[in-house]
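Encoded as structure tokens, the structure appears first; notes follow it.
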Amino acid sequence: MQRRSPYPYWFLLPAGTIFAVFFLVPTVASFYFSLTYWDPFEARFAGFENYQQFFSEPFLARGVMNTLIFAVLTSGLKTVLGLLLAVLLTSGLLGQSLLRSVVFFPVLVSTIGVGLLFQELMHPTEGAINVALEAVGIDGPGWLTNPSLALVSVALVDVWRGVGLATLIYIAGLATISPDYYEAARIDGATRWQQFWRVTVPLVRPATTTVIILSLIGGLRLFDLIWAMTRGGPGFASDVLASVIYKQYQAGFWGLSTAGNVILFLLIALLIVPLALHLNRREADL
Amino acid sequence: MSDVVLKGLRKSFGALEVIKGVDLHVASGEFCVFVGPSGCGKSTLLRMISGLEEQTSGMIEIGGRDVSRAEPKDRGIAMVFQSYALYPHLTVRENIGFGLSLARRPKAEIAEKVAEVARVLQLEDYLDRKPKALSGGQRQRVAIGRSIIRDPQVFLFDEPLSNLDAALRAQMRIELTELHARLGTTMIYVTHDQVEAMTMADKIVVLNGGRIEQVGAPMDLYDNPATPFVAGFIGSPKMNLYEGETARALGAGSVYGIRPEHVTLSESGGLWTGTVRHVERLGADSIIHIEATGLGPLVARVEGHRAFAPGQIVHASPIDGREVRY
Amino acid sequence: MRPRQVILGIVSMAVAFVIFVIPFLLVIFTAGKTAADASQIDFTPPVRWQFWQNLVDVVQTRDYQLLLAYWNSTVITVGAIAGLVIFGAMVGYVMQRRDTRLTRALYFVVLSGLMIPPAVVPTIWLLQEINLFKTLHGMILIQIAYGLGFTVLLYRSFIAAIPRDLDEAAIIDGGTPLQIFFRVILPLLKPVTVTIIVVQAIAIFNDFTHPLYYLPGAENVTVQITLYNFQSQFVSQLNLLFMNILLITIPPLLVFVFFNRQIVAGMTAGGVKG
């Protein structure tokens, strides 16, 4: 007779059941439903119709492109600014801990609140940003009303909101670098610039991997900020996959909406998995 | 009656066999020490007796009862861990009473037993402290207290002194020996330190590579080591061991051994001649490292600090009857 | 502190003030203005403070909907966190202590759960099938499912630092698996549990997307949804809109002030390990 383990598998059951029913089942089901004409009343098999539509209808294809642009733009900015801010906020400057709190606080604030706030601040004529620009003689753009600018404006707000988390992760990463490296580099005559590029950047790599991957996933999945600020507009100029999914669901095109979901899933998997493997491999080489 | 009997005990982790058939009888009331180098399987053997590890084959009897497949709690054992495993979130009182509280015994009974144990171990003043506010020796005593309260047939100790400093370790060796004398319970004690084994045990079990090398009383092992491994393992400094041609020249079949304390040195003459390489002075005695002609490195132990200096030529001889030959 | 660090600090604080603090000051100022005064958002204190009046107006909007929303959000947050902590710790414990093919496969599933976007419409279909659509229970279970990845990951790495000797001592003391978990392990997880509670509470309280999909209906509103709903109503009353933003920013602000250390620990641990 096998004695029972003190770590029984049934401990996994409560969480496992909830996770399986509310996450895994819908995820698996989405592959089937994405192949159907599905509305609140019926689901008929449709083959790859939904997917075809996604890439042939300009306003849907635009959503796919915008998702990529948005994710790459925000992830890149968060990575670069996060590292610079982290270096600044670990250099022992006056008010360092206060500054860390100030930079981090927006991470905790309701995204909808931030979105509505900036929607007002970015108002073309009455918003505080353009009023301030006007005071110094600059004619501010229609941040959210100009179709070629709207997506970028939302991306900037997302960076404003999320850079604190990147900074925090980088600060934790910088704390793991032994001061010996910097002292050795200084004895070898390295300038501050050289220390940054030759010591900090390579040694903080694990944090960089984390920041890039987290912010890419977040960027690809983002919905609430865009919905609060532009609802994908003007027109479809700032639509991303997540907002398209919601709009199609609202319009009753459940199959199309689900196909969008699957595309988003594949996009994330195809982008993140190779990237994570690549970044982790280079990390292991260090 | 609380004998511990192991019959044909084996344990494999996957393809790796770590215990390769152990038969052993620990008599009731005995203080038995498992000793051996790291990786010899002594801890695994103890964990199998406790029931934390399940044997691959073989049988374990405690107090005449087959407990081979019994749960740890049903084996009548208690265990003191190397790390003491005190629950950091509980006070000393709660730590000692934890087992009884798990068994849902009445509060009054628990309090009474905890008080009794605390008195025996002189822990009364520390009952409301958390483990982190205790010294190493006090933690050790709490860990023992937690075992005593279970009133076990057999105590199991897994290297319980290895986290203490040298002075405290010497003191705890005495305390444990006294505790054993007082309780008269069977104790099985695992250590890699042959000094602990020699000073505390009624019976030493020397393990090597998953097998028993020798079982016997401490002086038995010292005087009559059954194998070259035991000869080399028991005693400090290590016995001088020679193999091959050298050993055969000294009348041994394959291995010849002589303990450093059984080598006499003289300036005039002896069996071997050599040059002093290095001298370690310990105060009461000195360890002399010699490079002997036709023998190789030879270590001798002499009383006091007789004036041997590196480079000096000395003559050495074994004391008759103290040589071992295999 | 060298002069360089003082100057750099002052410059940084000035820049941070403009970029990060002014927007929040604007919220506070505007929330205290009259509707006419607030029609143009600018950086001036209110001509006449009517903070309290605005607060009452927002709370009373649509028959005290905000109070209902606070109640609903609290129920969801508390329920989901209770489930996450207990069930998540159980999973993290067994996954860390028992290294088998099954637990390794499940760990991979948990990790991928952090990455995969939930399939929303099929989830709605499923919730309808089991009569949990538009219910707080359903929402709680959804939040547990979505929060498990982070929770299990954090617990698993924290449990790795708890010596196994403690479990084994309890096994020898005759503890059942449940006793060992609840009386030895769970109390030792307190620091990481506080972190998980704080971080997940903020995430669930601030969640807008999932209540939008799974919890429609006026009687089910959550705090974030109210803010979104009121937007159209407050279009000419920006003072009330900003008062509303202020009201939903206060809970996370308080949490941040009291649990700064735990939040930082959780965010970085979850991030670096993930």
Side-chain angles (χ1 to χ4, degrees), chain A residues 5-9 11-12 14-15 18-19 22-23 25-27 29-30 33 88 91-96 99 101-103 105-106 108-113 116-117 120-121 126-128 131 165 168-169 172-173 206-207 210 214 217 221 223-224 228 245 249 254 257-258 261 264-265 268 272, chain C residues 1 5-6 8-10 12-13 16 20-21 23 26-27 40-43 87-88 90-91 93-94 97-98 106 113 115-123 126 141-142 144-146 148 167 171 177 180 202 206 208-209 224 227-228 231 238 241 245 248-249 252 256 260 264 267-268 271-272 274:
Chain A
S5 166
Y7 313 112
Y9 282 139
F11 271 35
L12 307 173
I18 295 173
F19 190 74
F22 294 97
F23 187 77
V25 168
T27 301
S30 70
F33 283 122
L88 181 73
S91 65
L93 74 172
L94 181 71
Q96 180 166 289
L99 279 166
S101 298
V102 167
V103 171
F105 183 63
L108 303 177
V109 174
S110 145
T111 312
I112 295 301
L116 296 182
L117 166 62
E120 298 303 334
L121 295 182
E126 288 165 8
V131 170
L165 183 57
L168 199 69
I169 293 169
T210 305
L214 277 186
I217 294 178
R221 286 170 58 164
F223 170 72
D224 40 11
I245 291 168
Y249 160 66
W254 289 12
S257 170
T258 305
N261 228 313
L264 181 57
F265 168 45
I268 291 178
I272 301 296
Chain C
M1 208 172 283
Q5 290 169 315
V6 175
L8 200 59
I10 292 170
S12 305
M13 280 191 273
F20 290 105
V21 180
L26 276 173
V27 173
Q40 189 179 20
I41 312 271
D42 52 23
F43 187 57
F87 299 154
M90 285 167 86
V91 173
Y93 173 59
V94 171
R97 289 300 200 236
R98 238 179 135 167
L106 290 179
M115 199 177 81
I116 299 172
V120 279
V121 187
T123 308
L126 182 104
L141 290 167
I142 290 274
I144 292 176
Y146 293 175
L148 269 173
D167 320 359
I171 293 169
I180 297 170
I202 290 178
N206 279 345
F208 167 74
T209 312
Q224 308 301 323
L227 176 60
Y228 179 73
Q231 187 201 4
L238 289 177
L241 181 68
I245 293 175
I248 68 166
T249 308
F256 180 60
N260 191 349
V264 169
M267 292 281 187
T268 46
V272 174

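Numbered from 1 within each chain, the chains take letters A, B, ... in sequence-line order.
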Does any backbone or side-chain atom of C:I171 lie under 4.5 Å from a heavy atom of chain A? Answer side chain, backbone, both or neither.
side chain
Examine distances only and state if a side-chain atom of C:D167 and a backbone atom of C:I180 form a donor-acceptor pair shorter than 3.5 Å.
no
Given A:G95, A:G92, A:S257, the one with more heavy-atom pairs under 4.5 angstrom with chain C than any other is A:G92
Does the side chain of C:L148 come within less than 4.5 Å of C:V91's, by heavy atoms?
no
Minimum heavy-atom separation for A:F22 and C:I142, please, with both atom names.
CD2-CD1, 3.9 Å
At a 4.5 Å cut-off on heavy atoms, which part of A:I272 comes close to chain C: side chain, backbone, both, or neither?
side chain
Can you tell me which portion of C:L227 sits under 4.5 Å from chain A's heavy atoms? Options are side chain, backbone, both or neither.
both
Under a 4.5 Å heavy-atom cut-off, does chain C meet the side chain of A:F33, its backbone, both or neither?
side chain
Looking at side-chain heavy atoms only, is the closest gap between A:P106 and C:F20 below 4.5 Å?
yes
Which one, A:A29, A:S91, A:A15, leads in non-hydrogen pairs under 4.5 Å with chain C?
A:A15
For the residue pair A:I18 and C:F87, establish whether any side-chain heavy-atom pair is separated by less than 4.5 Å.
yes
Side chain, backbone, both or neither: which part of A:L165 has an atom under 4.5 Å from a heavy atom of chain C?
side chain
Option that, when pairs with chain A are counted at under 4.5 Å, heavy atom only, ranks first among C:A145, C:P122, C:A16:
C:P122
For A:I245, is it the side chain, the backbone, both or neither that has a heavy atom under 4.5 Å from a heavy atom of chain C?
both
Engaged part of A:I217 at the chain C interface, taking heavy atoms whose separation is under 4.5 Å
side chain
Between C:N206 and A:T111, is a side-chain contact (heavy atoms from CB on, under 4.5 Å) present by the stated rule, with each step listed?
CA-CA 7 Å; C:N206 279 345; A:T111 312; 5.7 Å; no
Of the listed C:I116, C:L126, C:V21, C:I10, the one with the largest count of heavy-atom pairs under 4.5 Å with chain A is C:I116
In terms of heavy-atom proximity below 4.5 Å to chain C, should A:L99 be classed as side chain, backbone, both, or neither?
side chain
Based on non-hydrogen pairs under 4.5 Å, which of C:P118, C:P252, C:G113 is most in contact with chain A?
C:P118
Under a 4.5 Å cut-off applied to non-hydrogen side-chain atoms, are C:P177 and A:F11 in contact?
yes
When heavy-atom pairs shorter than 4.5 Å are enumerated against chain A, which of C:V6, C:I248, C:L141 gives the highest number?
C:L141
Of C:Q231, C:R98, C:Q224, C:M115, the largest count of non-hydrogen pairs under 4.5 angstrom with chain A goes to C:R98
Before you tell me yes or no, could you show the steps for C:M13 and A:L94 under side-chain contact (heavy atoms from CB on, under 4.5 Å), namely the whole-Å CA-CA distance, both residues' side-chain angles and the distance that decides it to 0.1 Å?
CA-CA 9 Å; C:M13 280 191 273; A:L94 181 71; 4.0 Å; yes
When heavy-atom pairs shorter than 4.5 Å are enumerated against chain C, which of A:V25, A:V103, A:V102, A:T27 gives the highest number?
A:V102
Hey, what's the ring geometry for A:F23 with C:Y146, parallel, tilted or perpendicular (30° and 60° as the breaks)?
perpendicular
Under the side-chain contact (heavy atoms from CB on, under 4.5 Å) criterion, do A:I169 and A:L214 qualify, and how do the steps go?
CA-CA 11 Å; A:I169 293 169; A:L214 277 186; 3.8 Å; yes
